[in-house]
Amino acid sequence: MSIAIHHGNCLALLDDVPPESVDAIITDPPYGQTSLEWDRWVDGWPEVMARVLKPTGSIWVFGTLRMFMDRRDEFSGWKFAQDIVWEKHNGSSFHSDRFRRVHEQAAQFYRGEWGSVWKGKVVTMDAERRTVTRKKGRPAHMGIIEGATYTSEDGGPRIMRSVIYARSQHGRTIHPTQKPEAIVEPLILNACPPGGVVLDPFAGSGTTGAVAARLGRRAILIEGRNDYVSALRARFSGDLLLAGGTT
Ligand SMILES: C[S@@+](CC[C@H](N)C(=O)[O-])C[C@H]1O[C@@H](n2cnc3c(N)ncnc32)[C@H](O)[C@@H]1O
């Protein structure tokens, strides 16, 4: 599987990506909520990304509720599909007068018709044995609910829960906000077909690329900082093909 690594500002570099060539965008942008030097919201990036996404594509964006509320106008051209909660094993205590935060979120958006968006079924193998008959229906805020009777087996597949526990990355990480692969994997399985192309315009240490390659997807990674680009090149040297990258 190929991974293309591009160094520079994603807003400018996206001109090199052909229109409607990307199956899914999975990204963890700067939230603009810390004093880290690179953590500055990039104005207009959600709209710029839309050009390269296939009509069947969607975008998963990591963030916090505060970020999505502060930046809601930036997503006005997008339709909200769903969100997941990443439950971490530890958290941050920025404020002694608020709850200890042990979660972040990721939200999925799309442009055209929900029925045309590619959707991979993501399951966990923890079903309990039971038979369920589901009536046909269509709640206004959801898609079509198919009527069916199905029997699940103990330890069989069950649609993955939207609250996903994954240990935060600590210690020997490349990046200070490096995401665990376990939280990126369900998003790629959900949004990008096998063999398809995933774009991460804020690649950091390249978690999206690593998971994409392992799952048989191609990846385009864009990162603005020299040091992280060097780390990306080191991480993906060896058996992975570096194709189409610029420096
Ligand atoms: C939250 S981090 C991504 C971390 C990544 N998910 C990981 O697991 O390592 C966001 C990254 O976006 C990069 N960045 C910020 N502005 C950028 C821009 N305009 N173009 C490209 N990269 C940018 C930062 O340098 C930072 O590494």
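We count ligands from 1, going down the list as the structure has it; atoms in each ligand are counted the same way.
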Counting only N and O atoms by type, is there a donor-acceptor contact under 3.5 Å from the side chain of D28 to the main-chain atoms of F62? no
Look at the side chain of R51 and the backbone N and O of V17, then say whether any donor-acceptor pair between them is shorter than 3.5 Å. yes
Taking the basic N atoms (NZ, or NE/NH1/NH2) and the acidic carboxylate oxygens, is any pair closer than 4.0 Å for K54 and E20? no
For the pair E37 and R225, find out whether any cationic side-chain nitrogen is under 4.0 Å from an anionic carboxylate oxygen. yes
dist S116:OG -> R111:CZ (nearest 0.5 Å) comes out at 14.5 Å
Cluster question for you: counting only ILVMFWY and a side-chain heavy-atom cut-off of under 4.5 Å, with indirect links fine, are I164 and V61 together? yes
Does ligand 1 have any N/O pairs with the protein under 3.5 Å, and how far apart?
unit_1   : atom_1 : unit_2 : atom_2 : d
ligand 1 : 6 (N)  : D28    : OD2    : 2.8
ligand 1 : 8 (O)  : K179   : N      : 2.9
ligand 1 : 8 (O)  : T207   : OG1    : 2.6
ligand 1 : 9 (O)  : S205   : N      : 2.8
ligand 1 : 9 (O)  : S205   : OG     : 2.6
ligand 1 : 19 (N) : N9     : OD1    : 3.0
ligand 1 : 20 (N) : C10    : N      : 3.0
ligand 1 : 22 (N) : G224   : N      : 3.0
ligand 1 : 25 (O) : E223   : OE2    : 2.6
ligand 1 : 27 (O) : H175   : NE2    : 2.8
ligand 1 : 27 (O) : E223   : OE1    : 2.8
ligand 1 : 27 (O) : E223   : OE2    : 3.3

